Protein chains: 2
Amino acid sequence: MSTIKDVAEAAGVSIATVSRALHGQPRVSEATRRRVLTVAADLRYVASPSAAGLATGLTHAIGVVAPFVNRWFFAAIVHSAEERLRRAGYDLLLYSLGTEAEERRRAFSGALLRKRVDGVLVLGLHPAEDEVAALSAAGGPVAIVGKDVPGWASVRIDDRAAAGCAVRHLLDLGHRRIGFLGGETDDPLGSTLPGDRRAGYHAELSGAGLPADPALEAVGGFTVRGGYAAAERLLQLAHPPTAIFAASDEMAIGAVQAIRRAGLRVPLDVSVVGLDDHEMAEVMDLTTVAQPVGAQGELAAEMILTALAEPGRPLPAVTVPTGLVVRGTTSRPTRRS
Amino acid sequence: MSTIKDVAEAAGVSIATVSRALHGQPRVSEATRRRVLTVAADLRYVASPSAAGLATGLTHAIGVVAPFVNRWFFAAIVHSAEERLRRAGYDLLLYSLGTEAEERRRAFSGALLRKRVDGVLVLGLHPAEDEVAALSAAGGPVAIVGKDVPGWASVRIDDRAAAGCAVRHLLDLGHRRIGFLGGETDDPLGSTLPGDRRAGYHAELSGAGLPADPALEAVGGFTVRGGYAAAERLLQLAHPPTAIFAASDEMAIGAVQAIRRAGLRVPLDVSVVGLDDHEMAEVMDLTTVAQPVGAQGELAAEMILTALAEPGRPLPAVTVPTGLVVRGTTSRPTRRS
DNA sequence: CTGAAAGCGCTTACAG
DNA sequence: CTGAAAGCGCTTACAG
């Protein structure tokens, strides 16, 4: 593996000149630059990131911290962020933490990230105040997807409004007994998302003058399987709902299967509306409230890059719009509720 | 951000002693070691990976190269590999290349990975011979999932056999007109997987004395949407199949939806069998040939770690078993084919 | 058991 | 326009 010294010798210049030529800096004659570039290519020279990082204090890497990568939303965000970062010449270090408190603590303390990345992208984890301070101190700008955090750049949707939009659609269709599939009361990730979507459901119901019935709420854990099981439970009620709002499409997909397996029809017997516009939603013909996922990943990456390029600038906090997509899993209720 | 020098001064020792103490090396008295550890913790000292990397030539990072991360199989592999690597103290650098030839070339030439990682994990990309040589030369052991590559560690399933198993199940049920959903003839990733699964389908048919009918094969591109569209096409044939083997569960899920949308019943009118045991397969009640995904990711990670720890050892090539999981999307044919 | 020193491969003022 | 040299923060023989 060739070093800058090899290139310098082969090109007959000093290593300082090689460095300058390779970085497209001024004060290098066109002739030398070309010679250096040619020699470097011939030697398949690639600068050592370790050495460059030590000299500059910059790693040209961004850390992405998420609870999982194998969940549609996170995977989609990572994919789009990676693409944007790579185009800018940044590497992506992936920290998939799971739900372990210890791992989470290490990541947010900065022990994992310090001196290792130039910036951080946080997904699906909502840090406490001391965690915000610690991670900020670990160095570099931080962008977060899904929540508005003072001091960090952020991109998110309005979860309350999105949930309200889904429920309003069911109300408009004439449903009065509307079930809810959400997360656990005590979210293991400390995320406010489950609570916000639930609040949107409650607000919309009460806006329509309907009482909240705790029996109509079930925990689906934001997974397909969890949504299936939760919907099963709602269907067994003496007075089951005529419609279900699932706080994520994955739960909604599970719910649709459970309803069918129970011998009922969707939407004739039970309507289902999700939230996300998951990649499978269209094929499943699922009515849902769509959020732009790829755009959020790209935007968050962009925010980090901008913060890196212009350190003075205030960090943006953007809320991206959501919109109802009516497909085939919702209709007017056919039985009285 | 504190450096090793800060720790050394605060502990009243040399930086060499700090380094040794922190690495748990011998020839440091228990008393000094404890003092150093305490001071380092107080100062929230974290060694600079750049500096350590420059001194040792080791980055303690593994590169993961895949065409996508937002596809179930790749996301699941990345997730399990990440967990194993993190436990061993390695970082994971993600290179999600998409299908662009240029990106692929750069990654396999080693330009992206050289001096940056200690080893590489390749997913879903099947390199040509010169690419194997180039990436191997870029340094460090390479493990690949999905194909057997001489010179690299590998873990995979027997794609032909798995596909054959799925088709045999349909034959055993009495189906004679069996459709196939696969990839494009000219796979953009250069993967042999689509061809292998198709070959398994053909082999099983001809073993049963059935002729191959090109009209029964459709391209689904290994996506849900693609499977949906491909199944639609097969259903419009003058003489449609009574069963469909989809070479991936994602296509199978799409096919099930397409069949239902066409007003037909699964499995009564058309049986469907997939391959993967996707996380949604159970809820979808999909009959499939299961492959252990998390295990493959962990095993591949393990192989890299072993190769790093014991450079002499020959690199293993493991084929993991698959198995038919009969669920509700397959049954005996009810019409004559 | 401990320290002084060399060296890893870059970048970047500073001279010229 | 170009080069010599310092310095980034570690690790690791080599002495003692």
Side-chain angles (χ1 to χ4, degrees), chain A residues 1-37 39-40 43-61 89 91 111 113-118 138-140, chain B residues 1-37 39-40 43-61 89 91 111 113-118 138-140:
Chain A
M1 298 232 241
S2 45
T3 69
I4 197 173
K5 223 174 138 195
D6 299 324
V7 178
E9 278 170 14
V13 294
S14 73
I15 61 166
T17 299
V18 172
S19 178
R20 281 189 286 256
L22 258 27
H23 285 85
Q25 282 177 20
R27 355 207 109 253
V28 180
S29 78
E30 252 322 287
T32 357
R33 183 189 309 284
R34 261 202 297 274
R35 189 148 34 89
V36 169
L37 257 36
V39 170
L43 262 38
R44 302 192 174 290
Y45 169 71
V46 180
S48 155
S50 297
L54 183 56
T56 61
L58 262 24
T59 62
H60 274 276
D91 275 327
L113 280 330
R114 197 171 310 186
K115 300 179 184 172
R116 199 168 280 272
V117 298
D118 295 340
Chain B
M1 297 230 242
S2 45
T3 70
I4 196 173
K5 224 174 136 192
D6 301 323
V7 178
E9 279 167 15
V13 294
S14 72
I15 60 166
T17 298
V18 172
S19 178
R20 281 189 286 255
L22 258 26
H23 286 85
Q25 281 177 22
R27 354 207 109 253
V28 180
S29 77
E30 254 320 289
T32 3
R33 184 189 309 283
R34 261 202 297 272
R35 188 148 35 89
V36 169
L37 257 36
V39 169
L43 263 37
R44 301 191 174 290
Y45 170 72
V46 180
S48 155
S50 297
L54 182 56
T56 62
L58 261 23
T59 62
H60 274 274
D91 275 326
L113 281 329
R114 196 171 313 186
K115 301 180 184 172
R116 199 167 281 271
V117 297
D118 295 340

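Residue numbers begin at 1 in each chain, while the letters A, B, ... track the order of the sequences. None of the values given here were measured: they were computed from a predicted structure.
- Contact annotation: Ser48(A) does not reach the phosphate of dG9(C) (side-chain N/O to OP1 or OP2, under 4.0 Å).
- At whole-Å resolution of the value, CD1 in Ile4(A) and P in dC8(C) are 14 Å apart.
- Leu58(A) places its CG atom 17 Å from the P atom of dC10(C), with the value rounded to the nearest Å.
- Distance Arg116(B) CZ to dC10(C) P: 12 Å, rounded to the nearest Å.
- Residue Ile15(A) contributes atom CD1, which lies 13 Å from atom P of dA6(D) at whole-angstrom precision.
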Go through Asp6(B) and Thr3(B) one step at a time and tell me if the side chain to side chain contact (heavy atoms under 4.5 Å, CB included) criterion holds. CA-CA 5 Å; Asp6(B) 301 323; Thr3(B) 70; 3.6 Å; yes
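- Computed from coordinates, the Lys5(B) NZ to dG9(D) C1' distance equals 10 Å when rounded to whole Å.
- In this structure, the CG atom of Leu54(B) is 9 Å from the P atom of dC10(C), given to the nearest Å.
- Remark: dG16(D) base-pairs with dC1(C); criterion is Watson-Crick or G-U wobble with both hydrogen-bond distances under 3.5 Å.
- A heavy atom closer than 4.0 Å to some atom of DNA chain D occurs in Thr17(A), Arg20(A), Arg27(A), Val28(A), Ser29(A), these being the qualifying members of residues 17-31 of chain A.
- Distance His60(B) NE2 to dT11(D) P: 10 Å, rounded to the nearest Å.
- Counting only distance, with no hydrogens or angles, the side chain of Arg114(A) and the backbone of Arg44(B) share a donor-acceptor pair below 3.5 Å.
- In terms of position on DNA chain D, the residue among Val46(B) and Val13(A) whose nearest nucleotide sits closer to the 5' end is Val13(A).
- One finds a side-chain N or O of Lys115(A) lying less than 4.0 angstrom from the OP1 or OP2 phosphate oxygen of dC10(D).
- Between Thr32(A) and dT2(D) there is a side-chain N or O to OP1 or OP2 distance below 4.0 Å.
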